[in-house]
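Side chains are part of it too, since the values below use all heavy atoms of this structure and drop only hydrogens, waters and symmetry mates. Start at 1 and go down the list; that is how both ligands and their atoms are numbered. It should be emphasised that the depicted structure is a prediction, and the values quoted were computed from it without experimental measurement.
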Amino acid sequence: MIAIIGGSGFSKSGLNQNMERIEVPTEYGKVDVFTVEIENKQLYFLPRHGLGHSYPPHLIPYKANIQALKNLGIERIFATSAVGSLNENLEPGRIVIPDQFIDFTKNRDHSFSKVGKVYHLDFTEPFCSEMAESVLKASSMIGLNVKSGATYVVTEGPRFETPAEINAYRILGGDLVGMTLVPECVLARELGMCYLTISIVTNLAAGIKGERLTAVEVEEMMKVKQDEVLNLIYKAITLLPEKRKCHCSSAFEGAEI
Ligand code: HPA
């Protein structure tokens, strides 16, 4: 069972006109999820920012979203994310699969752990290696240039960064900057689901070209890239092994105290 979490500019109608809406109750609130059968596979779509893009990045109900996918029986999540680039080699329009992140979020409900349930999950490999492999294979089969291996710096938002912050993130080794990867990928792992983010570079980060950044340019680039990224995901899905052998499904081995 596979879900796509769509970031800014990714719409359900761009995915398929005939998606059925389901309201999934969770202990963290109700979540709207859409579903459709594509090539004999039931696919689920969750718009990260809610219907009509109502949640800003720091107020997204991350726990409800991830719990809803878990309740539906989802095992693998392909997420899409708009990002700014700190790296001259990753120009706007480029599709990137990050392999690391640095978390600068400040004020988010970021874990399902609670008093009496203490665990420390391994994040040496933050994203699913099997999913990354399938996306890379798919990209070469369809002739799409996808860069693998990059460090995604996660900021709290909703404002864009200052040039001084971007400079600091570069010094720390960041390649991309965005506002939504954490806690989404962490919560997915806490519930034993595989997670891979496919980042779309929408702009050069603040101060790199000295121009103002706008949310409109971010959304427009995402709309332009939606079909390309969806084709990539659809192809990748056909290449995934039926049974998961990655670390994600056994993330809790040795993690609990
Ligand atoms: N910064 C943070 N988040 C983003 C950016 C950016 O430059 N572009 C798209 N999402």
Number the atoms of ligand 1 from 1 as they appear, then name those within less than 4.0 Å of a heavy atom of Glu161, with their elements. 1 (N), 2 (C), 6 (C), 7 (O)
Can you confirm if the aromatic rings of Tyr152 and Tyr169 lie within a centre distance of less than 6.0 Å? no
Below 4.0 angstrom from a heavy atom of Thr202, which ligand 1 atoms are there? Numbered from 1 as shown, please. 8 (N), 9 (C)
Just need the protein heavy atom nearest to atom 5 (C) of ligand 1, so name the residue and atom and give the distance. Gly84 N, 3.4 Å
Over 12 non-hydrogen atoms of neighbours within 6.0 angstrom of NE2 in His49: yes
For Phe123 and Phe101, take the angle between the two ring planes, folded into 0 to 90°, and tell me which bin it lands in: parallel under 30, tilted 30 to 60, perpendicular over 60. perpendicular
Ring centres under 6.0 Å, that's the criterion: do Tyr44 and Phe34 meet it? no
Proximal atoms of ligand 1 relative to Met179 (non-hydrogen, under 4.0 Å): 2 (C), 3 (N)
For atom 3 (N) of ligand 1, what is the closest protein heavy atom, and at what distance to 0.1 Å? Gly178 CA, 3.5 Å
Heavy-atom contacts with Asn203 under 4.0 Å: which atoms of ligand 1 show up? List them by number with element. 5 (C), 6 (C), 7 (O), 8 (N), 9 (C)
Flag if over 12 foreign heavy atoms under 6.0 Å of NE2, His247: no
Has ligand 1 got any nitrogen or oxygen that is less than 3.5 angstrom from a nitrogen or oxygen of Thr155? no
Evaluate Ala206 for polar contact with ligand 1, using N/O atom pairs at a separation under 3.5 Å. no
Looking only at distance, does Ala82 have an N or O less than 3.5 Å from an N or O of ligand 1? yes
Passes side chain to side chain donor-acceptor pair (under 3.5 Å), Ser81 versus Thr197? Steps please. CA-CA 7 Å; Ser81 53; Thr197 192; 3.1 Å; yes
Search all heavy atoms of Thr155 against all heavy atoms of Arg108 and return the closest pair with its distance. O-NH2, 3.3 Å
If you have a sec, work out which protein heavy atom is nearest atom 4 (C) of ligand 1 and how many Å separate them, to one decimal? Val177 O, 3.7 Å
